[in-house]
Amino acid sequence: MKASPPGSRLTGNLNLGTRVSPTRRVWIPKPGTLEKRPLGIPTMKDRALQALVKLALEPEWEARFEPNSYGFRAGRSCHDAIEAIFMAIREKPKYVLDADIAKCFDRINHSALLRKLNTFPTIRRKIRAWLKAGVMDGKQLFPTSEGTPQGGVISPLLANIALHGMEERIKKFAKTVDMKKSIGKGQKSWQVKCKSLSLIRYADDFVILHEDLTVVQRCKEIISEWLQGMGLELKPSKTRLAHTLNQYEQEKPGFNFLGFTIQQFPQGKYHSKQGFKTIITPSKQKQKVHYEQIALVMDSNTKGILAY
């Protein structure tokens, strides 16, 4: 009798009631630093089950996710996030809070995430089991009391669910802001207020943009408080307050986001009616990485020609 292929045996055994296995921890280099990032690699069976659960949950959450959330979403990319930033600053220079969440995937509170997920009991139990499965580092098993394993198929979706609501919280604050100085009289509707204050997020990296410094500073406090509910906090070393056009304290104009440098430059009225020009280019660090990759390809080809 001919044996069935391994793939068909696996698909026949996929069941949400089966036992969950611990993930395997793998350490990979973190670009630009000497640190290493932990990945949790689930077994083939758990990865297949996670893909099925993701297919069930994603349509509902895609309908609910906020408009300026771009990371790990179907049909969206980092270029869409950069375009949203350009649209937010093209008519007026603004202060920017360029922020990063410290070890976002590793510190998400399980209870808070499951409450926000609010799904069917069977799926909830399965996701909880994946979160609590533990990790194998070498031959030693470590418990996982917080965080979602980077490397899991469903982890990006769970991270987006955990961070869902940040933009809505900022819009709620925007309705209370006194905009008389910035937008003038007769334009104080809440729609105008919300439009002038932007939060644009890609996974755990986000920026907050507004022309008033005190508003941006207050937004930093509000988001810090909001993140505490998910067991998260901002990373001070990667959180920067700057201005898109002018120097602010010791910070140069502009900021880096998703491998791009976004900066505005003064222009005469002949060149620009706003008096400034917005320029977006690949960051110097990413250009250097790209040049190094090209050099490696050229060196390998040269060696191949010489050997021939």
Return the minimal non-hydrogen interatomic distance between [X] and [Y], and the atom names on each side.
X	Y	answer
F105	S155	CE2-O, 3.9 Å
R76	P67	NH1-O, 2.7 Å
L39	G151	CD2-N, 4.3 Å
K126	V20	NZ-CG2, 3.6 Å
P253	Q247	CG-N, 3.7 Å
W226	H164	CZ2-O, 3.3 Å

Passing option when H110 is tested against R128, R115, K132 for side chain to side chain donor-acceptor pair (under 3.5 Å):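 Exactly one option meets the side chain to side chain donor-acceptor pair (under 3.5 Å) with H110, and it is K132.
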Does [atom1] belonging to [X] count more than 12 external heavy atoms closer than 6.0 Å?
X	atom1	answer
R24	CZ	no
R19	CZ	no
F120	CZ	no
K103	NZ	no

Do [X] and [Y] come close enough that some side-chain heavy atom pair is under 4.5 Å?
X	Y	result
F173	R218	yes
N160	R73	yes
L227	I101	yes
N246	Q264	no
M230	K116	yes
P93	F276	yes
R201	L163	yes
T144	P149	no

Test of understanding: clusters of I, L, V, M, F, W, Y form through side-chain heavy atoms closer than 4.5 Å, transitively. Do [X] and [Y] belong to the same one?
X	Y	result
L241	I262	no
W130	V153	no
L131	W61	yes
M136	I28	no
V96	V216	no

From [X] [atom1] over to [Y] [atom2], what is the distance, rounded to the nearest 0.5 angstrom?
X	Y	atom1	atom2	value
I208	I200	CD1	CD1	10.5 Å
M166	F206	CE	CZ	4.0 Å
I127	L49	CD1	CG	11.5 Å
I89	I280	CD1	CD1	6.0 Å
L57	L157	CG	CG	6.0 Å
L209	E211	CG	CD	11.0 Å

When you measure from the side chain of [X] to the backbone of [Y], do you find a donor-acceptor pair of N or O atoms at a distance under 3.5 Å?
X	Y	answer
E66	G165	yes
E168	I170	no
T23	G40	no
S224	K220	yes
S300	L296	yes
R169	I223	no
D46	S21	yes
D98	A242	no
N109	A112	yes
K172	E167	no

Chi angles and distances behind the ring-ring contact (aromatic ring centres under 6.0 Å, His included) call for F260, H79: CA-CA 10 Å; F260 291 89; H79 290 82; 5.5 Å; yes
Worked check of side-chain contact (heavy atoms from CB on, under 4.5 Å) between Q150 and D106: CA-CA 8 Å; Q150 294 190 55; D106 301 329; 4.0 Å; yes
Test log, rule side-chain hydrogen bond (donor to acceptor under 3.5 Å, both in side chains), inputs N256 and S283: CA-CA 7 Å; N256 291 336; S283 66; 5.2 Å; no
Chi angles and distances behind the side-chain contact (heavy atoms from CB on, under 4.5 Å) call for L197, C219: CA-CA 10 Å; L197 179 58; C219 285; 3.8 Å; yes
Residues R124, L114; criterion side-chain contact (heavy atoms from CB on, under 4.5 Å); working and verdict: CA-CA 7 Å; R124 184 185 184 279; L114 291 171; 3.9 Å; yes
Geometric class of the F72/Y202 ring pair [parallel <30°, tilted 30-60°, perpendicular >60°]: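 Tilted.
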H210-Y95 aromatic ring centre distance below 6.0 Å: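 H210 vs Y95: aromatic centres not under 6.0 Å.
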Step-by-step side-chain contact (heavy atoms from CB on, under 4.5 Å) determination, H290 to I294: CA-CA 6 Å; H290 186 61; I294 292 175; 3.5 Å; yes
Short side-chain donor-acceptor distance under 3.5 Å, H243 and K94: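 No, no side-chain donor-acceptor contact under 3.5 Å.
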Ion pair check, E233 and R107, cut-off under 4.0 Å: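 Looking at R107 together with E233, the answer is yes, because their closest N to O distance falls below 4.0 Å.
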